[in-house]
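Read through the structure below, which is laid out as structure tokens, and then see the notes.
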Amino acid sequence: MRLFNLTGKVALVTGASGGLGQGMAIGLAEAGAKIIAVSSSESVQTVEAIRALGGQAELIAADLSNEDILEDVVNRALGIYGKIDILVNNAGIIRRTPAADHARQDWHDVIDLNLNSAFFLSQLVGRHMIEQGSGKIINIASMLTYQGGINVPGYTASKHAIAGVTKALANEWAGKGIQINAIAPGYMTTNNTAPILKDEKRTQSITERIPAGRWGTPEDLKGPVVFLASSASDYMNGHVVCVDGGWMAR
Ligand code: NAD
């Protein structure tokens, strides 16, 4: 288990107040990492869950779609435990309207958070990791990194682009001891997919297409994120790992 042990490491997880970010933050804490949970929500649920497990965690409440505050967020995070070893760019939103009616604001809101905040946070934390000579960055992609989706053109654009950013940064920083990879979750039960889950017929047709025969849960990302955050994946660079119950294999 030495390869997967994160004791002494510090992980900054964005969008950690619930859903997949919460599952990954708890998984990283269970592997020994100290967690800085960054989220637009003031909810302390994740931080309290980690402390209840005997782990260490702190909350930073911030709207990451505002580029101007990102440097301050990273500086505050560095001030908590003195370093950042792992960055999980998970915060994300989705806006569902047909392409012909897709509002400009919806397009920009989605790109600002899902793509711009992930790149600019990686840049700010990456500078610190370059100096440190090590680091792990894990971006959260999607099945819409590969497929077009329905009624979510901005989201699809952001998730295609995040794979490109993952590879671009991996190329530049692999030689500096930093590994950048992504996880592409399949259909997972969270707030993000709640509107789909209300549509019984669509939910059933999606479930039938998943070889595992079920939707994923935040717990399903614990193992993959610990693997990509640990030295077990030190020779993996620029990869997008699907955690999808077999959706992409179908
Ligand atoms: P969620 O809505 O449950 O969680 C989103 C998180 O992001 C929350 O913690 C929220 O507080 C935070 N957030 C939202 N806006 C923010 C902002 N402006 N600044 C800072 N934080 C903000 O959704 P989720 O399903 O857990 O999504 C997490 C990530 O996983 C997203 O990037 C999403 O695109 C991706 N994803 C989800 C699924 C799925 O099926 N649920 C599938 C593929 C990819």
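Order of listing sets the numbers, starting from 1, for every ligand and every atom in it. Just the heavy atoms: all of them, side chains too, but no hydrogens, waters or symmetry mates, feed the values below.
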To the nearest 0.5 Å, what is the distance between CG (Asp109) and OH (Tyr155)?
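Rounded to the nearest 0.5 Å, the CG-OH separation comes out at 15.0 Å.
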Give, for atom CG of Leu70 and atom CG of Leu121, the distance between the pair rounded to the nearest 0.5 Å.
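Those atoms lie 5.0 Å apart.
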Sequence neighbours excluded, which residues qualify as ring pair (Phe, Tyr, Trp, His ring centres under 6.0 Å) partners of Tyr81?
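For Tyr81, no residue satisfies ring pair (Phe, Tyr, Trp, His ring centres under 6.0 Å) once neighbours in sequence are set aside.
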The option among Leu144, Leu197, Thr14, Asn192 carrying the non-hydrogen atom nearest to atom 23 (O) of ligand 1 is Asn192
As a check for students: among Ser142, Ser43, Ala37, Ser40, identify the option with a heavy atom nearest to atom 14 (C) of ligand 1.
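Heavy atom nearest to atom 14 (C) of ligand 1 belongs to Ser40.
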If you measure every N or O of [X] against every N or O of ligand 1, does any of those distances drop under 3.5 Å?
X	value
Ile93	no
Lys159	yes
Ser39	yes
Val38	no
Met143	no

Does Ser158 come within less than 4.0 Å of ligand 1, judged by its heavy atoms?
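So Ser158 does not count as touching ligand 1.
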Work out which heavy atom in Ala16 is nearest to a heavy atom in Ala25; give both atom names and the distance.
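Nearest heavy atoms, Ala16 then Ala25: CB-CB, 4.3 Å.
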Run the side chain to side chain contact (heavy atoms under 4.5 Å, CB included) test on Gln179 and Ile137 for me, step by step, so that the C-alpha distance in whole Å, both residues' side-chain angles and the decisive distance to 0.1 Å come before the verdict.
CA-CA 6 Å; Gln179 289 82 47; Ile137 298 178; over 6 Å; no
For Met188, atoms of ligand 1 separated by under 4.0 Å from a heavy atom:
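By the 4.0 Å cutoff, the relevant atoms are 39 (C), 40 (O), 41 (N).
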Give the atoms of ligand 1, by number and element, whose distance to some non-hydrogen atom of Tyr155 is under 4.0 Å.
33 (C), 34 (O), 35 (C), 36 (N), 43 (C), 44 (C)
Report yes or no: is the cationic atom of Arg95 (NZ for Lys, CZ for Arg) closer than 6.0 Å to the six-membered ring centre of Trp107, at no more than 45° off its axis?
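No, cation not above the ring by the 6.0 Å, 45° rule.
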